[in-house]
Peer 1: 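Please see the structure below; I have some questions.
Within every chain, numbering begins at 1; the chains are lettered A, B, ... in the order of the sequence lines, protein sequences first and strands thereafter.
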Protein chains: 2
Amino acid sequence: MLKHGILGLLSYYDRTGYEIMEVFKNSLSFMWNANTSQVYRELQNLKDSGFAQVTVIEQDGKPNKKVYSITEAGREELLQWAGDYENLKFPNFPILMKLFFGGMLPKEEAIAAIQKVKQVYCERGRELEKLLSCLDSYKAETENRNYAMFWDMTADFGRGYARFVADWCDRCVEQIEKSREENK
Amino acid sequence: MLKHGILGLLSYYDRTGYEIMEVFKNSLSFMWNANTSQVYRELQNLKDSGFAQVTVIEQDGKPNKKVYSITEAGREELLQWAGDYENLKFPNFPILMKLFFGGMLPKEEAIAAIQKVKQVYCERGRELEKLLSCLDSYKAETENRNYAMFWDMTADFGRGYARFVADWCDRCVEQIEKSREENK
DNA sequence: AAGACCATGTAACCAGTTACATGATTAG
DNA sequence: CTAATCATGTAACTGGTTACATGGTCTT
């Protein structure tokens, strides 16, 4: 998965591993968690498979850069991946797995846990909102506004998802509180 | 993650690897994809860590069963995991990663892809709905209805999520169609 | 002087996936 | 007789995580 994500970013323009990490960290974290070591490893793999090439750029003073660019074979691979919606995977939801066994916690603790989840997701939502306003100014510069439409759609998903989770947390807390009163 | 999920199921009552798989496949697939080989491996790990024990039950004719049960150490581990909501991970969303690069597809193809996503999620939603009605009868038998409340909450998430994705798909298709008309 | 930012990775590990392998019983 | 269900796994691989490692520049 990450492999193709990197390939996609390279298809926009050439980048270093560091720059790719930045994009994932600052802009795409709502859809994918990437970590440095994996990014560098995948870049190596991409090169080995002939999907990307590397150009070393020497810098005065600063450490050298390795700028990666996508190859023709890489573009083909990317396009075929981007159009393949067969056997799509459903995500795993760690919070659900945990909350499924929430019945073994004291109710106060369960409530606190859910409120923490909510808080984290609200924070996420706010970050995304900030990101979106940055994106707007960036989109104006972009030549291909067809791409931008799809960026918006994914961001819209992220925003909606954060809200959905927060609302669900509220319902959960309400329900636990109600059951607590009934047991009095 | 799966390790603790299995431990949780064992905390309700003893089970074989096969029975654990059944639960994941039939009831928990909306929150976690488990596959057979991993389940058996994790059961082995659980045993090696002293969190579970195994009893071999010989069956006449049929192949032997290995029934796993949770140990005291296992219960402690489970409880501490179930209450730990620090550094919770956000899920990765493969569809988003893909759709982010949807701009490189012909619009008709992109629309078809999203409609496929919608269809798959609607199907999921219907499966869940069926599951929920089964769960209701099962819950009646259960002694501890505190647990059942948490099962409901996770199922409610699943249902809501399926609906959320389907609605989002509709909005995406609409948007692409609108942009197609503008470009005429 | 301290901390953020730029820039690169390796090694070991853990978790999840795919493919392969076997074999009996039971229901249609 | 065929397919589904019960029941167990191993091996190899892929993908993601954690910890470790280095070192310069630029800003406060």
Side-chain angles (χ1 to χ4, degrees), chain A residues 1-7 14-26 28-29 31-49 51-52 54-68 77 81 86-94 97-98, chain B residues 1-7 14-26 28-29 31-49 51 54-68 81 86-94 97-98:
Chain A
M1 238 326 75
L2 182 63
K3 180 175 92 166
H4 290 102
I6 292 173
L7 215 45
D14 301 353
R15 296 171 208 248
T16 67
Y18 185 82
E19 286 162 348
I20 290 166
M21 256 318 288
E22 291 273 280
V23 178
F24 276 100
K25 209 176 57 193
N26 301 328
L28 304 181
S29 59
M31 64 165 91
W32 208 267
N33 305 296
N35 49 16
T36 325
S37 48
Q38 205 193 345
V39 167
Y40 283 108
R41 190 174 54 193
E42 292 301 342
L43 281 169
Q44 189 59 48
N45 292 156
L46 246 27
K47 204 185 72 179
D48 293 346
S49 327
F51 296 148
V54 69
T55 319
V56 179
I57 294 189
E58 284 171 41
Q59 294 185 117
D60 40 325
K62 292 185 206 166
N64 293 351
K65 272 186 186 181
K66 285 185 169 185
V67 178
Y68 288 84
E77 170 69 19
W81 168 80
E86 297 304 313
N87 33 30
L88 24 92
K89 298 225 168 292
F90 295 92
N92 288 345
F93 294 97
M97 185 89 113
K98 214 164 255 215
Chain B
M1 239 325 74
L2 181 62
K3 181 174 93 167
H4 290 104
I6 293 173
L7 215 45
D14 301 352
R15 296 171 209 248
T16 66
Y18 185 81
E19 287 162 348
I20 290 167
M21 256 319 287
E22 291 274 281
V23 178
F24 276 101
K25 208 177 58 191
N26 300 329
L28 304 181
S29 60
M31 64 166 91
W32 207 266
N33 305 295
N35 49 17
T36 324
S37 49
Q38 204 193 345
V39 167
Y40 283 109
R41 189 175 54 194
E42 291 301 339
L43 280 169
Q44 188 58 50
N45 292 156
L46 246 25
K47 204 185 73 180
D48 292 346
S49 327
F51 296 149
V54 71
T55 318
V56 179
I57 295 188
E58 283 172 41
Q59 295 184 116
D60 41 326
K62 291 185 207 166
N64 293 350
K65 271 186 186 180
K66 284 184 169 184
V67 178
Y68 288 84
W81 169 80
E86 297 303 315
N87 33 29
L88 25 92
K89 296 224 168 292
F90 295 92
N92 288 345
F93 294 98
M97 185 87 112
K98 216 165 253 215

Peer 1: Whole angstrom is fine here: how far is it from CG in B/L43 over to C1' in D/dT8?
Peer 2: 11 Å

Peer 1: List the residues meeting ring pair (Phe, Tyr, Trp, His ring centres under 6.0 Å) with B/W81, not counting sequence neighbours, and say none if there are none.
Peer 2: B/H4

Peer 1: Got a second to check how far A/Y68's OH is from A/T16's OG1, nearest 0.5 Å?
Peer 2: 9.5 Å

Peer 1: For A/I20 and C/dC6, what is the distance between atoms CD1 and P respectively, to the nearest whole Å?
Peer 2: 15 Å

Peer 1: Look at all strands and tell whether A/N33 reaches a base, only sugar-phosphate, or nothing, counting heavy atoms closer than 4.0 Å.
Peer 2: sugar-phosphate

Peer 1: Rounded to whole angstrom units, what separation is found between the CG atom of B/N87 and the C1' atom of D/dT17?
Peer 2: 12 Å

Peer 1: How many Å lie between NZ on B/K25 and P on D/dA7, as a whole number?
Peer 2: 12 Å

Peer 1: Report the residue (B/N92 or B/G17) whose heavy-atom-nearest nucleotide on DNA chain D is the more 5′ of the two.
Peer 2: B/G17

Peer 1: So, taking the atom named NZ in B/K65 and the one named CG in B/D14, what distance separates them when rounded to the nearest 0.5 Å?
Peer 2: 11.0 Å

Peer 1: What residues form a salt bridge (charged side-chain N to carboxylate O under 4.0 Å, His left out) with B/E19, not counting sequence neighbours?
Peer 2: none

Peer 1: Only pairs at least two apart or in different chains count here, so list each side chain to side chain donor-acceptor pair (under 3.5 Å) that has a residue in residues 33-47 of chain B.
Peer 2: A/N92-B/N33, B/Q44-B/D48

Peer 1: Taking CE from B/M1 and C1' from D/dG16, how many angstroms apart are they, rounded to a whole number?
Peer 2: 14 Å

Peer 1: Using only side-chain N and O atoms of A/Q38, determine if any of them is under 4.0 Å from OP1 or OP2 of D/dG15.
Peer 2: no

Peer 1: Toward the 5' end of DNA chain C, which comes first, B/N35 or B/E42, by nearest nucleotide?
Peer 2: B/E42

Peer 1: Residues two or more places apart in sequence or in another chain: which of them pass salt bridge (charged side-chain N to carboxylate O under 4.0 Å, His left out) with B/K25?
Peer 2: B/E22

Peer 1: Side chains of A/F90 and B/P94, heavy atoms from C-beta outward: is any pair under 4.5 Å?
Peer 2: no

Peer 1: Rounded off to whole Å, could you give me the NZ-to-C1' distance for the B/K89 and C/dG16 pair?
Peer 2: 15 Å

Peer 1: How many whole angstroms separate atom NZ of A/K65 from atom P of D/dT25?
Peer 2: 15 Å

Peer 1: For the helix from C/dA1-D/dT28 to C/dG28-D/dC1, what angle separates the axis at the start from the axis at the finish, each from five pairs, in steps of 10°?
Peer 2: 40°

Peer 1: Is the shortest heavy-atom distance from the side chain of B/L46 to the side chain of B/I6 under 4.5 Å?
Peer 2: yes

Peer 1: Report all interatomic pairs (protein N or O, nucleotide N or O of nucleotides 9-14 of chain D) with separations under 3.5 Å.
Peer 2:
from, atom 1, to, atom 2, distance (Å)
D/dG9, OP1, B/K66, NZ, 2.4

Peer 1: Where is the tightest heavy-atom contact between B/M97 and A/L2, given as atom of each residue plus distance?
Peer 2: CE-CA, 3.9 Å

Peer 1: Roughly, in whole Å, what's the span from OH in B/Y18 to P in C/dA24?
Peer 2: 17 Å

Peer 1: Under 4.0 Å, heavy atoms only, any strand: does B/E19 hit a base, just the sugar-phosphate, or nothing?
Peer 2: nothing

